[in-house]
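Nothing here was measured: the structure is a model prediction, and the numbers come from that model. The figures here come from the full heavy-atom set of this structure, side chains too, leaving out hydrogens, waters and symmetry mates. In what follows, every chain begins at residue 1, and chains take the letters A, B, ... in the order their sequences are listed.
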Amino acid sequence: MIRLITGLALLILGSTCGEIAITHGMKSVGEPARLRPGAVIKFLGRAVRNGWFWTGVPLMALSFYALLLLLSWEPISMVIPASALSYVAGTLGAKFILGEEVSTARWAGVILVCVGVALVAAG
Amino acid sequence: MASEKRLRIKTLIMVLAMVVCANAGDLLLKYGMAQIGAVELTPHGLSQAFWQTVKSPIIWLAILFLIGFMVSYMTVLSWADYSYVMPAGAAGYALLTFLAVILLHESVSLRRWVGVVLICLGVLLVGQTKPRTTEVPSEVAA
């Protein structure tokens with residue numbers, strides 16, 4: 001039970017913290033001037049020199065590793081629906097760490113998506 | 001406001017690119033690995049599987065799509081909210097279910113259909129909100 005909870009916590013927190021770090025990094029890099037290949041390549045060049053990007057990538061790798069471990073312990077129909085909780089964790093992180101405004105409509109949407117993904121993943 | 005509309009359109013385009021690339025990448029990966037067959041968990045089996053994946057054009061195509069996903073994800077996050085992009089990306093689960101029914105003629109359980117409906121409603125709700133609620137610096141940070 002402790003093993004399962006630790007695994008799920010690593011899976012959810014790893015991907016959420018990783019994506020939040022990457023979002024923060026991309027916001028500080030600034031958006032590409034235009035959506036043309038040249039401008040996007042320049043943007044990517046700036047992005048890979050950003051420290052937050054390289055903070056996020058290993059956290060996401062950690063989450064992926066936790067997923068592999070969990071899948072070796074528990075059936076997939078249990079692991080993937082539980083990972084849908086990362087939609088809620090991600091929204092909390094966006095609000096409290098990134099300072100995004102999460103309106104009631106957005107919260108309602110996130111909850112629907114979370115339940116929906118859990119149902120779809122359960123088959 | 002014109003800029004508000006532009007922001008919505010380019011966010012929509014990038015989220016669509018994200019969903020299409022992620023799904024295409026996953027499907028190709030699954031298809032490519034199915035061609036290679038079950039991997040034996042022995043040093044010999046693993047090294048054999050490694051060389052087979054490196055030589056498979058389908059696996060490389062899958063990797064290309066997954067890179068496309070990562071690039072569109074990073075790009076959209078440079079202007080849009082994480083709490084907007086993340087739930088919107090879940091549209092992929094609904095898309096995969098439709099593709100499974102239309103292309104593969106798979107039968108889909110009632111539970112999964114309910115999930116698809118909830119995801120679509122959720123994505124529509126999130127889509128109504130403003131894609132960006134924080135200030136984005138226009139200057140490049142050092």
Top of A/Lys95, A/Met26, A/Arg106 for chain B proximity - count of heavy-atom pairs under 4.5 angstrom: A/Arg106
Among B/Asp81, B/Leu118, B/Val126, residue most engaged with chain A (heavy-atom pairs, under 4.5 Å): B/Asp81
Heavy-atom proximity to chain A below 4.5 Å, by part of B/Tyr73: side chain
Atom CH2 of B/Trp60 with >12 non-hydrogen neighbours under 6.0 angstrom: no
Rounded distance [0.5 Å steps], CZ in B/Arg6 versus CD in B/Glu4: 12.5 Å
Which atoms of A/Val117 approach chain B - backbone, side chain, both or neither, heavy atom under 4.5 Å: both
Residue A/Val40 versus chain B: region with a heavy atom under 4.5 Å: side chain
Spatial distance of atom OG (A/Ser86) from atom CG (A/Leu92) [nearest 0.5 Å]: 11.5 Å
Rounded distance [0.5 Å steps], CZ in B/Arg112 versus OG1 in B/Thr97: 3.5 Å
Heavy-atom pairs under 4.5 Å with chain B, option from A/Ala122, A/Ser103, A/Ala47 with the top count: A/Ala122
Engaged part of A/Leu98 at the chain B interface, taking heavy atoms whose separation is under 4.5 Å: both
Within 6.0 angstrom of B/Phe65 CZ, more than 12 heavy atoms from elsewhere: no
A/Tyr87, part contacting chain B, at a heavy-atom distance under 4.5 Å: both
Any donor-acceptor N/O pair, A/Thr16 side chain to A/Leu13 backbone, under 3.5 Å: no
Under 4.5 Å from a heavy atom of chain A, the part of B/Ser109 involved: side chain
A/Thr23, part contacting chain B, at a heavy-atom distance under 4.5 Å: both
Option that, when pairs with chain B are counted at under 4.5 Å, heavy atom only, ranks first among A/Gly90, A/Gly25, A/Ala121, A/Pro32: A/Gly90
B/Gln35 atom CD, neighbour heavy-atom count above 12 within 6.0 Å: yes
A/Ala84 versus chain B, the contacting section by heavy-atom distance below 4.5 Å: neither
More than 12 heavy atoms of other groups within 6.0 Å of B/Tyr82 OH: yes
